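To start, the structure under review is shown below, and the notes come after it.
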Protein chains: 2
Amino acid sequence: MARAGITADRLARAAAEVADELGFDHVTGSAVARRLGVKEPSLYAHIRNARELKVRVALLALQEMADQTAAAIAGRAGKDALTALAGVYRDYARTHPGRYAASRHELDPETAADSAGPRHAEMLRALLRGYDLPEPCQTDAVRFLGGAIHGYVSLEAAGSFSHTPRDTDASWAWALDTLDLALRARSANPD
Amino acid sequence: MARAGITADRLARAAAEVADELGFDHVTGSAVARRLGVKEPSLYAHIRNARELKVRVALLALQEMADQTAAAIAGRAGKDALTALAGVYRDYARTHPGRYAASRHELDPETAADSAGPRHAEMLRALLRGYDLPEPCQTDAVRFLGGAIHGYVSLEAAGSFSHTPRDTDASWAWALDTLDLALRARSANPD
DNA sequence: TAGTCAGCCTAATATAATTAGGCAAAACAT
DNA sequence: ATGTTTTGCCTAATTATATTAGGCTGACTA
């Protein structure tokens, strides 16, 4: 019988497509096998268990977002960089909702450490250098900024904003202005 | 045979306990039935399908959080109110991780409209009156604030902060200070 | 060219979701 | 109190997913 040529990579990619089209929790062994035209048990030569499928989508999403972010902030600083970085997350969540959901999937510590997760934190930290905040609160600012961006994007993706007529692009611009304002105020006025 | 006395309410409560103990995606018909000491098919007299179980947990969580928030912000204003409101979310996420996850579960529009979701938005709006922002951007501020709080709490709950030694309570205080600062700056300096 | 191995298969089992239909307890009418 | 209806839970059976065991064959390797 002709071989399908499954690799861990093609598998992750197929799973990511399922996630984007049907939702992250429809990433199941059978859905992925169907899409690849193989029988379900064949997957188990490449993955340990069905959970690993979701983990692979998460890793893929984290990496794609990190790559795009790196490209977006290269050569930018200050509010420009902030807008670019945050825009990547928002665009990614809108074009790849399933992968974005996957990127929030909880990973065990070793897997997380090997993922692109730390790169995200580093890039936030780099971005914040433009606001020169005093040492001790830089981590606070990374957490704050990461949370604010993720929170906005995830509420928007979940449809939590669609009950109010206000244009979400305008709200997004306002949010970025406010974040920039806050960070600048903070560096002028540290505690 | 002695009747177990299942009601939609006891069912939601049992499902919420499962969520907090095992995680929101372990909220399954069989887990809940086991916990209630009944056979799985018996549930289907009270719920339409297994998805509805999760929806009920979501509704319960939204309501509990809204009630606690209302109590917390009563008689407070400004930063005091902000601290109280945000504290409720954070505490809830830490004491009831499964329910908190459930509260982010996507609901169809009618269900969402009947949920405590709108109360959350109203309370945020009320809180923001203390910062008297000009009309057009009040919705922006609700979205920004909601996102920032949810984002921080959800990243913390997902363990995204545990790779860095910095105390998360300190970061939390810094985030609240920054939000307060930002909102005050915004009202002084609107666009 | 024979041998090993990898990659996919079929078969079989367990758990979750769901429907159909039975039986007894509770509620209700007389 | 008794007969009837309703309701709440059960058993049995079906379908989908997750997983293990073991077989066949096409593809590299000596």
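Note that this is a predicted model, so its numbers are computed, not measured. Every chain is numbered from 1 and lettered A, B, ... according to where its sequence line falls, protein lines coming before strand lines.
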Distance, rounded to the nearest Å, where Lys39(B) contributes NZ and dA16(C) contributes C1': 14 Å
Short side-chain N/O contact from Ser42(B) to OP1 or OP2 of dG8(D), under 4.0 Å: no
Between dT17(D) (P) and Leu22(A) (CG): distance, integer Å: 11 Å
Spacing between His26(B) atom NE2 and dA18(D) atom P, to the nearest angstrom: 13 Å
Rounded interatomic separation in angstrom, taking CD1 from Ile47(A) and C1' from dC8(C): 14 Å
Side chain proximity check, Glu52(B) to Val57(B), heavy atoms < 4.5 angstrom: no
Bend angle of the helix from dT1(C)-dA30(D) to dT30(C)-dA1(D), from helix axes over five pairs at each end, nearest 10°: 10°
His96(B)-Tyr92(B) aromatic ring centre distance below 6.0 Å: yes
Side-chain donor-acceptor pair present, Thr7(B), His46(B), cut-off under 3.5 Å: no
Donor-acceptor under 3.5 Å (Tyr44(B) side chain, Asn49(B) main chain): no
Between the protein and nucleotides 17-20 of chain C, are there any N/O to N/O pairs under 3.5 Å, and if so, what are the atom names and distances?
from: dA17(C); atom 1: OP2; to: Thr28(B); atom 2: OG1; distance (Å): 3.2
from: dA17(C); atom 1: OP2; to: Gly29(B); atom 2: N; distance (Å): 2.8
from: dA17(C); atom 1: OP2; to: Glu40(B); atom 2: OE2; distance (Å): 3.3
from: dT18(C); atom 1: OP2; to: Tyr44(B); atom 2: OH; distance (Å): 3.0
from: dT18(C); atom 1: OP2; to: Ala50(B); atom 2: N; distance (Å): 2.5

Donor-acceptor contact present, side-chain Thr95(B) to main-chain Asp91(B), <3.5 Å: yes
For atom NE2 of His46(B) and atom C1' of dT7(D), their distance in whole Å: 9 Å
Distance test, side-chain N/O of Arg10(B) to OP1/OP2 of dG8(D), below 4.0 Å: no
N-O pairing of Arg119(B) and Asp67(B) below 4.0 Å: yes
Any Leu59(A) side-chain heavy atom under 4.5 Å of Leu107(A) side chain: yes
Whole angstrom value for the distance that separates C1' of dT15(C) from CG of Asp25(B): 16 Å
Aromatic plane relationship, His105(A) with Phe24(A) - under 30° parallel, 30 to 60° tilted, over 60° perpendicular: perpendicular
